[in-house]
Number of protein chains: 4
Amino acid sequence: MEHDLTTGSGRPRDAEASPALLEAARRLVLEKGYAATSISDIAAAAGTGRQTLYRRWPGKAQLILDAFAEHASDQVDDLHAAAPGPDPVREFLRRTFRALDETGPALRSLMAQAQLDPAFCELFRQRFIVPRRAALHAVLAQARDSGSVPADLDLDAAVAALFGALWYRLLLGEPLDDGYAAALAGLIRAEP
Amino acid sequence: MEHDLTTGSGRPRDAEASPALLEAARRLVLEKGYAATSISDIAAAAGTGRQTLYRRWPGKAQLILDAFAEHASDQVDDLHAAAPGPDPVREFLRRTFRALDETGPALRSLMAQAQLDPAFCELFRQRFIVPRRAALHAVLAQARDSGSVPADLDLDAAVAALFGALWYRLLLGEPLDDGYAAALAGLIRAEP
Amino acid sequence: MEHDLTTGSGRPRDAEASPALLEAARRLVLEKGYAATSISDIAAAAGTGRQTLYRRWPGKAQLILDAFAEHASDQVDDLHAAAPGPDPVREFLRRTFRALDETGPALRSLMAQAQLDPAFCELFRQRFIVPRRAALHAVLAQARDSGSVPADLDLDAAVAALFGALWYRLLLGEPLDDGYAAALAGLIRAEP
Amino acid sequence: MEHDLTTGSGRPRDAEASPALLEAARRLVLEKGYAATSISDIAAAAGTGRQTLYRRWPGKAQLILDAFAEHASDQVDDLHAAAPGPDPVREFLRRTFRALDETGPALRSLMAQAQLDPAFCELFRQRFIVPRRAALHAVLAQARDSGSVPADLDLDAAVAALFGALWYRLLLGEPLDDGYAAALAGLIRAEP
DNA sequence: CACTAACCGAGACGGTACGTCCCGTCTTCGT
DNA sequence: ACGAAGACGGGACGTACCGTCTCGGTTAGTG
C-alpha cells in the first residue's frame with residue numbers, strides 16, 4: 001500500500017503523481033508484461049521522477065499491487081453481494097474466472113514477486129488473498145445454510161481447495177472456463 | 001530440459017559438466033535462494049565456464065528446473081508405489097508436504113519464474129506438474145476402487161483441488177501440516 | 001575526448017570521477033600495458049562504477065588517449081617554448097625522444113588502436129599528432145629564419161619526415177637515441 | 001612465417017589447406033578489415049578447422065602477415081629492379097604509394113598488431129620492413145652514385161625519414177599522393 | 001513577506017547480473 | 001599424424017536495472 005509520511009510541513013505531495021503512476025503502471029504491465037516493465041519506464045510514462053515513485057512505494061511490486069488491488073476490492077464486494085442461483089458456489093467461481101481474463105497475467109506476476117520477496121508476500125496475502133478468501137467463505141456459509149453444500153463441510157478447507165484450484169490453473173496457463181467452475185463446485189456439492 | 005545437440009562430430013561434451021552444474025545449482029539455490037544465485041556462481045561452483053552452461057541450458061531457470069526435477073521424479077515414483085493405510089489420499093498429501101520442507105522454497109522460485117517466462121511455464125508444467133498430477137490421479141483411482149472416495153468423484157477436479165490447495169498455501173507462505181492434509185483429504189472422502 | 005552532455009538538469013557529474021579515471025588509466029597502462037588493462041580494472045582502480053566510465057568516454061581507447069594527451073599538451077608547450085642551442089632541431093628531437101622513454105609503449109598502443117578504429121584515428125590525429133606537428137613546424141620555421149636549415153626547405157615535408165622517422169622506429173621497437181636524433185637533424189641541416 | 005614441423009611420419013599435411021587459409025585471410029581482411037575478421041571466420045571460409053590454422057601459424061597476425069607478404073616480396077623486387085628516370089627516389093616512392101592503395105589497410109592492421117605483440121613485431125620487421133629498407137637503400141645508393149642525391153647523404157637516416165614519412169601518413173589516414181612523394185624526394189635531393 | 005522544509009524533475013552514482021563474443025587449447029572421430 | 005568439428009575454461013565486453021544520492025527549482029505553510 002502506498003505509504004504517506006507527510007508531517008504537515010513543507011511542500012505537499014503532488015496529488016496527481018500517485019494516480020498517474022498507478023495508471024501508468026497498470027497500462028504498461030497490461031501492455032508489455034510485468035518483467036518487461038521497469039521502474040524507469042513507469043516513472044517516465046507517468047511524467048514523474050523515479051524518486052517520486054520510491055517516495056510512495058517501496059518498489060515495483062508494491063506499486064503494481066496497488067494498481068491492480070483497487071479494482072479487485074470492488075469486484076470482491078460485487079461477488080459477495082450477489083451470488084444467486086441454484087448453485088451459488090459455481091456462480092461465484094464463474095464470475096471470478098471471468099474477472100481474471102483481464103487481470104490474470106498481472107496477478108500471476110504479483111504472485112511471482114511474492115515468491116521472491118517475503119515482505120511483499122505477506123502484503124499480497126493481506127491485500128489480495130484474505131479479502132477474497134473471506135468473500136468465498138461467506139458464500140459457502142450461506143450455501144451451507146441453504147443446504148446446497150453439506151452441513152458438515154470444512155469451510156476453510158473448501159475455500160483453500162477452490163481458490164487453490166483457481167490459482168493452480170491460472171499460474172500454469174491452463175484455461176479457467178465454465179466447465180472447470182462446474183467441476184470444482186461439484187466437488188463440494190451436497191449429495192441429495 | 002537440458003538440450004543435447006550432439007551431431008557425432010567434434011569434441012564430445014564433457015559428461016561430468018552437466019551433473020556438476022546440476023549439483024552446484026541445487027546446492028546454491030538451497031543455500032542462498034534462487035534470486036541470490038547467479039549464473040556465474042553456479043558455473044564457478046561447478047568448475048566450468050559460463051559458456052558451458054549456456055551451451056546446455058537456455059538460462060538459470062531451466063537449469064534449476066532440471067536440478068530439482070531429477071529428484072522429483074524419484075519421489076513421484078515413491079509416492080505412486082506406496083500409498084497405504086486407511087486414508088491413502090491423506091497419506092499421499094502428508095508425504096508430499098513433508099518432501100516440500102526442503103525443496104519448497106526452490107519450487108516456489110520455479111513457479112515464480114514460470115510466471116515471467118511462458119516457455120519456461122510450459123516446460124515446468126510438463127516436467128513437474130503433469131507427472132505429479134498423474135501420480136495423484138492414480139492414487140485417487142485406487143482409492144475410488146477401494147471405496148474410500150465416492151465412486152462418482154470427478155478425479156481431474158479432485159486432483160486440481162488437492163494440488164491447488166497445496167500450491168495455494170505453499171506460495172503464500174502458509175504452513176503445510178498434517179492437519180491441512182487431513183482437512184483436504186476429508187473434503188473428498190466418501191460419506192459412509 | 002571526454003564528452004560532456006551536461007544539460008543543467010539532474011545531478012551533476014562527479015567532478016572527481018574523471019580525474020580519478022584518467023589517473024587510474026594512465027597508471028595501469030604504464031604498469032601492465034594497454035592490452036592487459038581492462039575497462040573494469042580502470043573503473044575499479046578509480047573507485048567508480050563501470051557505467052560512469054562509459055558515460056564519459058566511448059571506450060578504453062578514448063579514455064587512455066585523454067589520459068596521455070593531458071601530459072602531452074604540457075610537453076608540447078615545453079618543447080615549443082625552449083628549443084635552444086646551435087642545432088635546435090636536434091635538440092627538439094632529443095627531448096622528444098627522452099619523453100617517449102616513459103610514454104612510448106602507451107603511445108604505441110594508441111597508434112595501434114587508431115588502426116582498428118577510424119573514428120579514434122581521427123581523434124588521435126587531432127589531439128596528439130597535429131599539436132606536435134605544429135610545435136615542430138614552429139621550431140623549423142625559427143631554425144630557417146636563423147639560417148640553421150636551408151631557406152627553401154619544405155617545412156611540411158620536413159615535419160613529416162622527422163616525426164615519421166620517430167614513429168617508424170618507435171613502432172618497430174628500434175632505439176630512439178641521440179645518434180638517431182643527430183642523423184635526422186643532419187638530413188635537413190643547411191649546407192654551409 | 002608458416003612453420004613446418006612435419007617429421008615424415010604419419011599423414012602428411014593437406015597441401016591445399018595453407019593456400020586456402022592464406023587466400024581466405026587475405027580476402028576477409030580486405031573485405032571486413034582486420035579486427036572484424038576472427039580466426040574462426042578465416043578457418044570457416046577456408047573450409048578447415050581452427051586447429052589446422054594454429055598448427056601452421058601461431059595466430060591471426062602471423063597468418064595475415066604471410067597472406068600479404070607474398071605479394072609484397074614480388075613488389076619489392078619490382079621496385080628494386082626498375083627505378084628509372086631523372087628522380088629515382090621520387091619514382092620509388094610513387095610506386096610504393098600506389099601499391100599501398102590496396103594493401104594499405106591490411107598493413108596498418110599488421111603494424112597495429114606489432115604494437116601489441118613484441119614477437120610479432122620482430123617478425124614483421126624481418127619479413128616486411130627490412131627487405132623494403134634494403135630496397136630503398138639500394139635505390140638511394142644508386143642515386144648517390146649518379147649524383148642525384150648529395151654524396152655525403154646519411155643513407156640509413158634517409159631511409160628512415162622516407163619510409164617513416166610513408167608510414168606516418170599511412171597510419172594516420174592521410175593521403176599518399178604524388179605531391180607527397182615529390183616533396184619527400186625533394187628533401188634529400190642534391191642542391192645543384 | 002521572507003523563510004524554510006519537503007517536494008519536484010532529472011539524471012549521475014556504485015554495483016551487479018546478464019548474454020555474447022573470441023581466444024587458444026583439448027578431445028573426439030574418421031582418413 | 002593428419003583432417004574437420006566443436007566443446008572446454010577463461011575473460012572482456014557493452015547493456016540494463018537496481019535503489020540511492022544530488023542537483024536546481026518549486027510550492028506551500030510558518031514566523
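Just so it is clear: chains get the letters A, B, ... in the order the sequence lines come, proteins before strands, and each one is counted from 1.
Atom pair D/Gln113:CD and E/dC23:C1' shows a separation of 12 Å (rounding to whole Å applied). Distance CD (A/Glu16) to P (E/dG9): 11 Å, rounded to an integer number of Å. When rounded to the nearest whole Å, the span between CD1 of C/Ile39 and P of F/dT15 equals 10 Å. For the pair B/Asp41 CG and E/dG19 P, the computed distance is 14 Å after rounding to whole Å. To the nearest angstrom, C1' of E/dC23 lies 12 Å from OH of D/Tyr34. Look at CG on A/Asp117: it is 14 Å from P on F/dC18, rounded to the nearest Å. Remark: C1' of E/dC23 and CZ of D/Phe120 are 17 Å apart, rounded to the nearest angstrom.
For D/Glu122, the salt bridge (charged side-chain N to carboxylate O under 4.0 Å, His left out) test picks out D/Arg125, with sequence neighbours left out. A search for salt bridge (charged side-chain N to carboxylate O under 4.0 Å, His left out) contacts involving D/Asp41 returns D/Lys32, not counting sequence neighbours. For C/Ala45, the side-chain contact (heavy atoms from CB on, under 4.5 Å) partners two or more places apart in sequence, or in a different chain, are C/Ala24, C/Arg27, C/Leu28. With sequence neighbours excluded, the residues that form a side chain to side chain donor-acceptor pair (under 3.5 Å) with C/Ser40 are C/Arg50.
Mapped onto DNA chain E by nearest heavy atom, D/Ala36 and B/Ser40 fall at different nucleotides, with B/Ser40 at the one closer to the 5' end.
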Report summary line: Quick tally for nucleotides 3-9 of chain F: nucleotides whose base has a protein heavy atom under 4.0 Å get B, sugar-phosphate-only ones S, the rest -, giving SSBBBBS

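Rounded to 10 degrees, the angle separating the terminal axes of the helix from E/dC1-F/dG31 to E/dT31-F/dA1 is 20°, with each axis obtained from five end pairs.
B/Arg56 contributes no side-chain N or O that, together with a main-chain N or O of B/Arg13, makes up a donor-acceptor pair within less than 3.5 Å.
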